[in-house]
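Labels below follow one simple rule: chain letters A, B, ... track the order of the sequence lines, proteins then strands, and each chain is numbered from 1.
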Amino acid sequence: MSGPAGKLERRAAMAALVADRGDDLLVVPGLGSTTWDLAAAGDNDRNFYLWGAMGGAAMIGLGLALAQPDKRVAVITGDGEMLMGMGALATIGIQQPKNLAVIVFDNGVYGETGMQPSHTHDGGVDLIGVARGCGFADCLEVKDEPALAGLAARLKSLSGPLFAHVAIEASDPPRVLPERDGTVLKGRFRAALGLKA
Amino acid sequence: MNAPAPAIDWPQRLYTTLKRAGIRQVGYVPDAGHARLIDLCRADPDIRDVVLTTEEEGVALAAGAWLGGQRAVLLMQSSGVGNCINMLSLARACRFPLLMMITMRGEWEEFNPWQQPMGSIVDPVLKLCEAEIYRAGKADEVEGLAERAVQHVFGDERIAALLLSQQLIGKKVWTK
């Protein structure tokens with residue numbers, strides 16, 4: 001599962017996190033690569049893919065987690081998307097939702113735009129430190145397969161806001177593009193929860 | 001001459017309108033004009049008050065709430081509108097219902113000239129973002145316009161903004 005640099009490969013990491021997900025796991029990926037990763041792991045009506053709204057994934061996750069306290073919500077986004085909406089970590093830290101995990105796939109680059117370095121490149125900004133400072137008492141550093149398996153297990157039963165930083169290699173796998181009509185994505189997601197589409 | 005009628009408690013009327021509409025999440029960046037409404041929402045155990053670091057977070061929060069079956073409202077002042085512009089694409093692309101209540105600055109006896117640039121373009125910017133705009137200038141029209149905004153938003157999954165004019169709110173006191 002590890003790539004040449006010894007870091008986790010993103011597609012395999014995503015697949016491990018959503019394997020055997022059950023009907024009560026709702027997933028919000030971020031704009032760009034994590035949306036393609038989630039689509040590649042298998043389409044699901046309980047995925048809300050983002051084709052825009054950069055910086056908004058974690059806050060969509062918060063609104064959803066507060067509205068559906070009996071479901072588990074996983075925001076799985078990239079370092080660039082998280083950096084754009086870093087204030088959301090402060091907002092979530094204040095709210096302390098018991099059923100929300102924010103997971104950042106960090107490759108230290110903006111993969112969609114030509115692999116330019118992001119703020120986390122080469123040990124720059126420490127997102128775990130940011131999350132901890134914002135009130136996430138539970139932070140996981142994921143650098144290898146055992147830690148990834150540990151995160152997948154933790155996702156099965158959340159008991160407080162969880163932040164995980166997953167070090168992935170800077171790869172650019174073929175795009176797997178999901179549905180991109182926002183009204184369709186919204187409608188099927190709500191229908192899967194038994195709400196009026 | 002009769003004693004003047006007591007002032008209409010328009011923040012209380014906004015609150016009762018939000019309750020009637022079944023609002024369960026209130027996202028806000030603290031604002032003096034919304035202070036009383038924020039207090040009423042914070043005191044309500046059936047409303048989750050979510051203080052935001054920037055207004056665009058509230059656009060995403062409301063989308064997530066709707067995905068999960070709850071109605072939300074976003075409270076901000078006029079300067080916050082500018083912070084929301086790209087995130088409003090989320091509501092437009094997916095047709096998420098989005099109800100915004102915006103206290104205006106920079107338009108009436110404004111002491112701070114830096115409020116004018118954003119305040120003066122709230123209307124056209126929101127119109128470009130396909131928001132229906134309702135403007136309340138007097139206390140007795142707040143509730144009716146708020147109700148219309150609620151109907152527009154949740155009846156048809158659209159965007160609406162209720163603008164609360166600076167004349168309604170009163171000017172900010174700068175000397176203490």
Side-chain angles (χ1 to χ4, degrees), chain A residues 26-28 30-31 45-71 73 75 84-97 99-100 134 179-197, chain B residues 22-30 38 41-42 45-76 80 83-99 129-130 154-159:
Chain A
L26 313 175
V27 185
V28 181
L31 170 65
D45 287 354
R46 293 167 178 79
N47 295 342
F48 188 70
Y49 304 111
L50 292 180
W51 284 85
M54 186 162 173
M59 284 303 301
I60 294 171
L62 176 63
L64 179 56
L66 295 177
Q68 289 282 332
D70 297 328
K71 300 275 196 295
V73 177
V75 171
M84 188 175 280
M86 211 151 66
L89 293 176
T91 297
I92 294 166
I94 295 296
Q95 295 296 324
Q96 292 289 309
N99 58 332
L100 177 63
C134 286
E179 172 66 49
R180 60 193 161 130
D181 183 328
T183 63
V184 171
L185 293 168
K186 174 192 69 172
R188 69 179 205 156
F189 190 99
R190 281 174 52 91
L193 294 180
L195 301 165
K196 180 175 170 291
Chain B
I23 298 292
R24 298 292 308 283
Q25 296 187 32
V26 176
Y28 64 96
V29 171
I38 290 169
C41 292
R42 292 189 67 199
D46 292 326
I47 289 181
R48 186 67 172 243
D49 60 288
V50 180
V51 60
L52 311 166
T53 70
T54 177
E55 292 80 358
E56 68 175 307
E57 288 179 7
V59 178
L61 177 83
W66 185 251
L67 281 177
Q70 285 191 347
R71 294 181 173 191
V73 66
L74 173 55
L75 310 181
M76 67 179 119
N83 293 346
C84 292
I85 301 305
N86 183 53
M87 201 59 78
L88 286 171
S89 307
L90 174 65
R92 295 170 67 195
C94 304
R95 265 189 72 176
F96 278 114
L98 180 63
L99 176 62
C129 294
E130 301 176 325
F154 297 109
D156 199 27
E157 298 186 79
R158 298 289 185 184
I159 305 171

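Top candidate by heavy-atom pairs under 4.5 Å with chain B, chosen from A/V73, A/L193, A/I60, is A/I60. When the candidates B/G27, B/G69, B/S89 are compared by the number of heavy-atom contacts under 4.5 Å with chain A, B/G69 comes out ahead. Considering only heavy-atom pairs separated by less than 4.5 Å from chain A, the leading option among B/A65, B/G58, B/A62 is B/A65. When each of B/L88, B/T53, B/L90, B/L61 is scored by its heavy-atom pairs under 4.5 Å with chain A, the top score falls to B/L61.
With a 4.5 angstrom heavy-atom cutoff, A/L62 touches chain B via backbone and side-chain atoms both. Interface residue B/Q25: only side-chain heavy atoms are found under 4.5 Å from chain A.
Nearest heavy atoms, A/A53 versus B/M87: CB-SD, 3.6 Å. Residue A/M59 comes nearest to B/A60 through the heavy atom pair CB-CB, 3.6 Å, listed as atom of the first residue, atom of the second, then distance. When all heavy atoms of A/T91 and B/V51 are compared, the closest pair comes out as CG2-O, 3.4 Å.
Remark: B/T54 OG1 to A/M86 CE distance equals 13.5 Å, nearest 0.5 Å. Taking CG of B/L52 as the start and CD1 of A/I94 as the end, the distance is 11.5 Å to the nearest 0.5 Å.
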Please tabulate, for side-chain N and O atoms in residues 64-71 of chain A, each donor-acceptor pair with protein atoms closer than 3.5 Å (sequence neighbours left out).
from  : atom 1 : to    : atom 2 : distance (Å)
A/Q68 : NE2    : B/G68 : O      : 2.8

Side chains of residues 91-99 of chain B: which donor-acceptor partners sit under 3.5 Å, not counting sequence neighbours?
from  : atom 1 : to     : atom 2 : distance (Å)
B/R92 : NE     : B/E130 : OE1    : 3.1
B/R95 : NE     : B/E157 : O      : 3.3
B/R95 : NH2    : B/D156 : O      : 2.5
B/R95 : NH2    : B/D156 : OD1    : 3.2

Exercise for the section: Evaluate the criterion side chain to side chain contact (heavy atoms under 4.5 Å, CB included) for residue pair A/L26 and B/L67; output intermediate values, then yes/no. Expected result: CA-CA 10 Å; A/L26 313 175; B/L67 281 177; over 6 Å; no
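Contact annotation: the side chain of A/Q95 approaches that of B/R48 to within less than 4.5 Å [non-hydrogen atoms, C-beta and beyond].
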